[in-house]
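Each chain gets a letter, A, B and so on, in the order the sequences are listed, and its residues count up from 1.
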Amino acid sequence: MTLDASSSEARIELLEAQLKEAAVEIAELRARDALKTQFLANISHDLRTPLTAVITHAEILRDGILGDLAPRQLESIRGIISGGRQLLNQVGEILTYARGAANQLTLVLTTFSVRDILEDVSALNASLARKKQLHLGIQVSEDLPPIVADREKIAHIIGNLLGNAIEFTPAGGNVWIHASSASGEPVPSVLMEVGDTGVGIAPEHHDLIFREFAQVDSTPSRSHHGTGLGLTIARKLVELHGGRIWVESDIGRGSRFFFTIPLDQSEQSD
Amino acid sequence: MLLVEDNELVTSALQILLESAGTRVSVAHTIAEAIGAANRDAPELVLLDLTLPDGDGLQLIEPLRVAGAKTFVALTGHDDAATRARCLQAGCVDVVVKPPRARELVEKMREWTGL
């Protein structure tokens, strides 16, 4: 009896010591993770400076400010500018991700029309859709009131979803954005859908795609490029508004991404 | 006009661009340099970066106004509504997000200086 009692006491002591050790280790890992996130935010901000110089110099040449260029030279300069701007966007995505991970993103609330923002985002993507001969449609319920939310962040969410829809839909397909009142949400919300007739996503990947740095095909030869952060950022920005995001899709059957945003963010308690 | 920006790579590019609009451009890399430059020769227009090695660029608005500078435009890497609002509140007439679109900046320059 006494032997048993003392041995189980000893075991409890050992377990307690191990727990303490694990807690210290977790705290250390969290601190290191926070440092890495901060580093990511700093470095992506710093990367913008030399990129600004590269892009501005290239645009000076393109615009003939230092004299006219031959057509082939102009073509080459345009390549530098598109590459530079693409890199700048990707750096911006990493910065947004890092700020989100460090909980440094805050909402700037204004009242705006959902139709206006859908039209703005689709106008930004129109030339890309045209180039791939995709039909891009918008549909907004007439009864949808203006919403109080962070306009830039809502545009960012729709832009990321629409960008993916365009990228993953073969030529001749359809891409659409719909907005209507959501039913069954805890607070009155708008339901937005960004859908496409593209390659689709297997059901077992539906959770994975919203996780950081995940692309369903992560081999070096993967045919689609990007930071892999688009959906993680979209989810973060939706959740920051108190909404939720999900996907309905299957291989070869297109994808429909849905998200909800409470109609009046200023009424959300935080 | 006075361009206040700490990074040499960026100032060299912007200087070429801004001068193409027909304006003389002086460059300052710090708050201290900017105040010195404005005291020697008060600029009509100041294009100022927000993060300078010796402080927040917006701190420059008051002393430069006293020195005779008229119009202020902020130059920033942060493309968000909060930064924009902070700059306008501090007295800037406009906010330029880096990198600016070259042609657009030249057109806007003419607008700001009334050329």
>> Between A:L95 and chain B, with a heavy-atom cut-off of 4.5 Å, which part of the residue counts as in contact: side chain, backbone, both or neither?
In response: neither
> Checking A:I81 against chain B: side chain, backbone, both or neither under 4.5 Å from a heavy atom?
Replying inline: neither
>> Taking the cut-offs as 6.0 angstrom to the six-membered ring centre and 45 degrees off its axis, would you call A:R244 and A:W246 a cation-pi pair?
In response: yes
> Side chain, backbone, both or neither: which part of B:S12 has a heavy atom under 4.5 Å from chain A?
Replying inline: both
>> So which residue, A:R151, A:R99, A:K153, ends up with the most heavy-atom pairs under 4.5 Å with chain B?
In response: A:R99
> Would the number of heavy atoms belonging to other residues, nucleotides or ligands and lying under 6.0 Å from NZ of B:K70 be above 12?
Replying inline: no
> Strictly by modelled atom types, are A:N89 and A:E93 linked by a side-chain donor-acceptor pair under 3.5 Å?
Replying inline: no
>> Side chains of B:Q15 and B:E5 only: does a donor on one sit below 3.5 Å from an acceptor on the other?
In response: no
